[in-house]
Amino acid sequence: MDFREFDELASHREAACAWVEAHVRPEWVEEQRRSGTHQTAELHTLLARDGILAADWAPEYGGSGVDPGFARAVFDELGRRGLACDGWSTTSMVLRTIEHVGTEEQKREYLPAALRGDRLIALGYSEPDSGSDVAAAKTTAVRDGDEWVINGQKMFTSTAQLCSHVFVLARTDPNVPKHKGLSMFLVPTDSAGYDIQPIHTLGGQRTNATFYADVRVPDSARLGGVDGGWGVMHVALVHERSASSPGSDGGSLVRDLAAWARTARRPDGTTVLDDPLAAERIGRMAVDEEVTRLLALRNRWRAQKGDLPGVEGSMWKLFATEAAQRHSSNILDILGPEGVLAPDAAGAPAGGRFEEGFRAAVVGTIYGGTSEILREIIAERHLGLPRNR
Amino acid sequence: MDFREFDELASHREAACAWVEAHVRPEWVEEQRRSGTHQTAELHTLLARDGILAADWAPEYGGSGVDPGFARAVFDELGRRGLACDGWSTTSMVLRTIEHVGTEEQKREYLPAALRGDRLIALGYSEPDSGSDVAAAKTTAVRDGDEWVINGQKMFTSTAQLCSHVFVLARTDPNVPKHKGLSMFLVPTDSAGYDIQPIHTLGGQRTNATFYADVRVPDSARLGGVDGGWGVMHVALVHERSASSPGSDGGSLVRDLAAWARTARRPDGTTVLDDPLAAERIGRMAVDEEVTRLLALRNRWRAQKGDLPGVEGSMWKLFATEAAQRHSSNILDILGPEGVLAPDAAGAPAGGRFEEGFRAAVVGTIYGGTSEILREIIAERHLGLPRNR
Amino acid sequence: MDLDFTDDQTALRDTLRTFFGKESSTAAVRAAEPLGFDAALWRKVVDLGLAAIAVPEHLGGGGAGFVELAIAAECLGQSLAPVPLIEAAVANDLLASLSDAGSSSSGARDARLESLTARAVAGELLATLALRPATGDLARLVPAGAVADLVAVLRGDELLLLRQPDRGPATPGGAVHNLGALPLADCPVDTEHALVLARGPAAVRAYRRALSRWELLTGAALFGLGSKALGIGVDYVMQRKAFGVLIGTFQTIQHRLADNAIALDGARLLAYEAAWAQDENLPTADTSATMAFLFAAETAFKTASEVLHFHGGYGYTLEYDIQLYFRRAKAWSLVAGDSRAAYARLAHHVFGTAQAQAPAPAPAPAERAG
Amino acid sequence: MDLDFTDDQTALRDTLRTFFGKESSTAAVRAAEPLGFDAALWRKVVDLGLAAIAVPEHLGGGGAGFVELAIAAECLGQSLAPVPLIEAAVANDLLASLSDAGSSSSGARDARLESLTARAVAGELLATLALRPATGDLARLVPAGAVADLVAVLRGDELLLLRQPDRGPATPGGAVHNLGALPLADCPVDTEHALVLARGPAAVRAYRRALSRWELLTGAALFGLGSKALGIGVDYVMQRKAFGVLIGTFQTIQHRLADNAIALDGARLLAYEAAWAQDENLPTADTSATMAFLFAAETAFKTASEVLHFHGGYGYTLEYDIQLYFRRAKAWSLVAGDSRAAYARLAHHVFGTAQAQAPAPAPAPAERAG
């Protein structure tokens, strides 16, 4: 057994820091917070230019040969500094899906362009009437010669305002059981009939509703077989639920809290960490974070061996997001009254990062499969319990 | 609003203590623990002799005119001293049910005798294959002239080893939906064909399996209408789930823990209660206990107004038993290694009462309706959510 | 024993539920963000006499009690009404009792206190209470501090009344943006111009009693908040479908809503017991208040969190109302500090020795590290 | 990174799973109650060399490491084997390392220590470790104290080895009846006849390291216990029907079992990471061990409790096996003290300043009040 993380990460940390120092502008963090758009175009261009986006890809599709460890270290470091790359996250999930199920033409069309930074792809699964029950999608795609005509609405199409494409789940056969009549399409956002409306969230992020009125795409925009969309989306979901690397959540709130608790002093001169009631919770959070890290490590190890960590990915996602909610709430309690202060309030601990984290943690147990759906997956596939619907 | 408990209880406390001092022998507690039979015949005789059993009943059925407040105070005081009267608890539930649904003859047959101490009645609902789904009972009662012939097996017929009767749920019509073909019978335990086997439990109590092989009872042993057993049992269950009086659980483990924590000293001379990590849990438990007390108070208030506190009773039972499980576990943690010591181990805190309480608390969420059944009742009847089976 | 409201109390509840339901729609609640104060609604609340309902009649108040105030707080909580009714009521009660005690017992009437009390009770001035003793020359994060004319605060063993000439309902100031959209502000303690309300043990006692009353009323408000959140949840799961059925048929949703329903009933009983105990002047009144507050806080937050979760992605959008409840469930309780420490103090009050029961004001805040 | 066992480790696990499954049936576990010690099984465990598997070969041990010991502990936990393998392994490791250090570095060989170590490693003597420093002349509630010949205990800043001539596997004594059916006993500290293993900081360091190793192995055992309890639960809900369906179809049961399954996977990863960290001598080894222990303890207890509950009334009977797991899940962890205090100490070790990381042995027990 060997629980050592990729050694590359440690050895690349210094280089990654240097890259980030050299290229990242601090005001991007504020801009992401202000706009709610957790993707910065200039940063993306730089990541593409230096081959960081393309680090872990085969050369024939645009792979840069940059060390994947360095690339991970860069994203890790960006996360630590509060810079998200949400648009790239969804894009890379879709790229991995294209790699798995796409045609050679599709790989050549999408992969190199995306790795060059010229494509961003948003996820278009959820609809107003279908979230967890994503297979109940009502958006339709009807074949018309060599084209498909798409009609419907998608919800929570995050970062779509910056994307070149939406990865749309659409019904191509209404006359079969719901899972069997779906197909996936890569819909360009400059298509006629496509529209977008912003949705603002509790965590401060902006997401979108996207609308499809007789949007026409060529058959080559279809990823995977006709009516084979459920399987294709499953591949993408597995990538979503296991797309973890340490610090990719923007760093550890618990570590930040501990730093605060180690130095913040009570009137009697003791530190907050000296308060057993604070320390006990911090200790508990540290254990949860280690479990989260190990479950993520297992996903990466599985991926390294060439497996798709389906059940394990669900376990990680469920544990990590529920722990994050417990932690973000406990953290505010430990902070006391100052815990309520928002990022733009004077005197907010850690610049309001905890208050913001508390609001943002809410969505963790919803996006990419609710906790309930994940428990069902684990009950059925891991424990062999009977399907209960 | 007035949250004052029956004033009688306070004013009767002294008299109740005096009665208990005068009559109760300390070795009964040890005897109940050793035997697992939580009912003491000599005590029962005394309670009957002094009219305490019959305190809250109409004179025509044997009511003694003794002040119900005094009677409650006596049971409360017995509980505080660790003496249970489980056989009388089930008996009084059944007596209340007889009062609600029995014929005048049945009232005259069972009530005075029971209030004189000459009858104890065990509950015979559960079966090997039906616990929560009690309506699935397979025990049958077939009419034969003016008699019924009962065949089957009951599980968890607690205190039956001391009882004159078992209150048996039996199927009288197998050809209708399960709830609609049940009837209730008072089966004498000296009937031919009746048998009993002890079952030993984690909490140290003895319960029983009881067996019915062609047991014959007269039609007058039937309580409520033919095939009307479900409604009759519902009345009894409501009484079970709301049969609360303060301290009737044998006193407050939390109060005992607090007493321990106030005096037990750490090596540095501070008390355990000075440990914030202990105090925090004790404070939390104190709140839970107050909620439990108030939910019980509400049941009594409802009963006082003549209502059957159905949903409220379920709420109390669910909250009280789940809180007791949390508490009994937390208490052991606070005690530390000494928490594992059993009642007969030297140096066990409070004579092992906490360790025993931990084991005994387990059954709370099972008997008289599992927590899951109670949540369903609350979801459907209180919140109006749809039936989910 | 009588767990029912009196007829008058029932009428009050019906009136206030209608009033707040109408005047404090969620649209109005949103419109009052981020300050969290609706001046027009506050005027109406004052005109109804709610902030002085528990002040004795001879001091210009309504002569009712804390059960009536708890009813008002519950209705406020249900509608998230952006008015500092609880703070004002507690501060008015504190001023009235000190003013009354001064004029009746010592005979040494303090005309300034009497005048300020009269104006606060009449609704001309908005008074509030700092929930933590002042540190240095600052009372940190005072509820309603951004809109109050008067702030009662403990400093050392002096209970002070600060006049905030630069602030008040008409001229809010110093507000800090916060999770709960509460009109919190730091209030400078200008000891030269402050009125000393009491000194020594009497000051600490009066302050602690006021804190208890704030706790019980906030407990009632959090119960109201939680009960409304539960109602929103029940409505939502009875209309939203997934997998072809109402999500309200799913066992896990049913069970969690049922748990919340029980806890809310417990929170309600605790809050009204605490209010009754205040009105009856029972020795348990303070511990009852703390219990009511802590249990309601946990229950409201758990209920609002779970109901938000049952909304799926919609729960995360600002467009749906549940986020308004979720944020306040956390913030309303947090302004009084870490609940864990409060539970530990409670254990000492309920079970501790006399020594451990010595007055211990709520802990002062940790200084920020940087 | 390689999260798989080596082939040898896999073979060891298969062997031990079979061994303990066969030799420690639940009938055998019951038969060993209340003492909690099966002398015949202990003999077999000794003959397999398990208690000395991590002791260097040149001292007569197996020359393997803590990953192998963790495998043994996991299998022991699954079968609730009534043998003090963990205590003996930790004590043997402690004796071996001190004996080795003595003979190699100072040159001043302690013949008595060497002899006792050799006999313990050979399985002639059963050694154990007191989990708390001695108070006065007593080591309280020592695991395996009722059946051990040798007890290592910290007293002040001396690490002592006690010889218990009146006790041992063949002549158990002083056992106190307890929840987990563990052979616990109070062990008198006879300083005159005790062997001083180490003094000063070195003693505290050695003791703490031994405690950490006990924690990690007990964590592995608790993971084994929990995983077996989960298996019992899955089997039960797949055969028991209620309301006409398998209870394993109920959503709440599925979800709770799923949560336990995840936590158990986490507990497993933590335990083996901690074992690996010990073998690699990493600076994080001690905090890893504490994490593994605490998380496994909570997970095992939660799993066993819930599975017991899913058994309905049968879960409460002594006849069903789940109660065996439930009782031990609580007791195995509790002998090391209140987990809350351990979490607080952990926070200091992980996040504290160097000052806060000064050695702080586990807290001594509260004296009983009466």
Closest non-hydrogen contact found for C/Ala344 with B/Pro276 is CB-O, 4.0 Å
How would you list, by chain and number, every residue that makes a salt bridge (Lys or Arg N to Asp or Glu O under 4.0 Å) with C/Lys228, sequence neighbours excluded? none
In Å and rounded to the nearest 0.5 Å, what is the CZ to CD distance from B/Arg4 to C/Glu280? 4.5 Å
For C/Thr249 and B/Pro386 the tightest heavy-atom approach is CG2-CG, 3.4 Å
Is there a side-chain contact (heavy atoms from CB on, under 4.5 Å) between B/Leu257 and C/Phe351 once you walk through the steps? CA-CA 10 Å; B/Leu257 174 75; C/Phe351 295 117; over 6 Å; no
For B/Asp288, is it the side chain, the backbone, both, or neither that has a heavy atom closer than 4.5 Å to a heavy atom of chain C? side chain
B/Leu273 and C/Gly352: which non-hydrogen atoms are nearest, and at how many Å? CD2-CA, 3.8 Å
C/His348 side, atom NE2; B/Arg262 side, atom CZ - distance, nearest 0.5 Å: 11.0 Å
Option that, when pairs with chain C are counted at under 4.5 Å, heavy atom only, ranks first among B/Ala261, B/Ala278, B/Ala286, B/Gly384: B/Ala286
Run the salt bridge (Lys or Arg N to Asp or Glu O under 4.0 Å) check on B/Glu280 and C/Arg345 step by step: do they pass? CA-CA 8 Å; B/Glu280 189 261 341; C/Arg345 286 196 303 275; over 6 Å; no
Close approach to chain B in residues 288-297 of chain C, criterion heavy atom under 4.5 Å: C/Met291, C/Phe295
Below 4.5 Å from any heavy atom of chain C, which atoms of B/Leu318 appear? Answer side chain, backbone, both or neither. side chain
Do you know which of B/Ala379, B/Gly283, B/Ala258, B/Ser371 has the most heavy-atom pairs with chain C at a distance under 4.5 angstrom? B/Gly283
Contact check, side chains of B/Asp2 and C/Met1, non-hydrogen atoms, under 4.5 Å: no
Residue by residue, which of residues 255-272 of chain C have a heavy atom closer than 4.5 Å to a heavy atom belonging to chain B? C/His255, C/Leu257, C/Ala258, C/Asp259, C/Ala261, C/Ile262, C/Asp265, C/Gly266, C/Arg268, C/Leu269, C/Leu270, C/Tyr272
Contact winner vs chain C - B/Ile378, B/Leu294, B/Asp275, heavy-atom pairs under 4.5 Å: B/Leu294
Can you tell if the side chain of C/Arg340 reaches within under 4.5 Å of the side chain of B/Arg281, non-hydrogen atoms only? no
Pairs of donor and acceptor atoms involving the side chains of residues 229-244 of chain C, under 3.5 Å and at least two apart or interchain, shall be tabulated with distances.
{"residue": "C/Arg240", "atom": "NH1", "partner": "A/Pro128", "partner atom": "O", "Å": "2.7"}
{"residue": "C/Arg240", "atom": "NH2", "partner": "A/Pro128", "partner atom": "O", "Å": "3.4"}

Got more than 12 heavy atoms from elsewhere within 6.0 Å of CG, C/Asp7? no
In a check of side-chain contact (heavy atoms from CB on, under 4.5 Å) between B/Met1 and each of C/Asp2, C/Val67, C/Leu3, C/Asp4, which one passes? C/Val67
Hey, are the side chains of C/Gln254 and B/Arg387 touching, using non-hydrogen atoms and a 4.5 Å cut-off? no
Chain C contact via B/Arg302 - side chain, backbone, both or neither, heavy atoms under 4.5 Å: neither
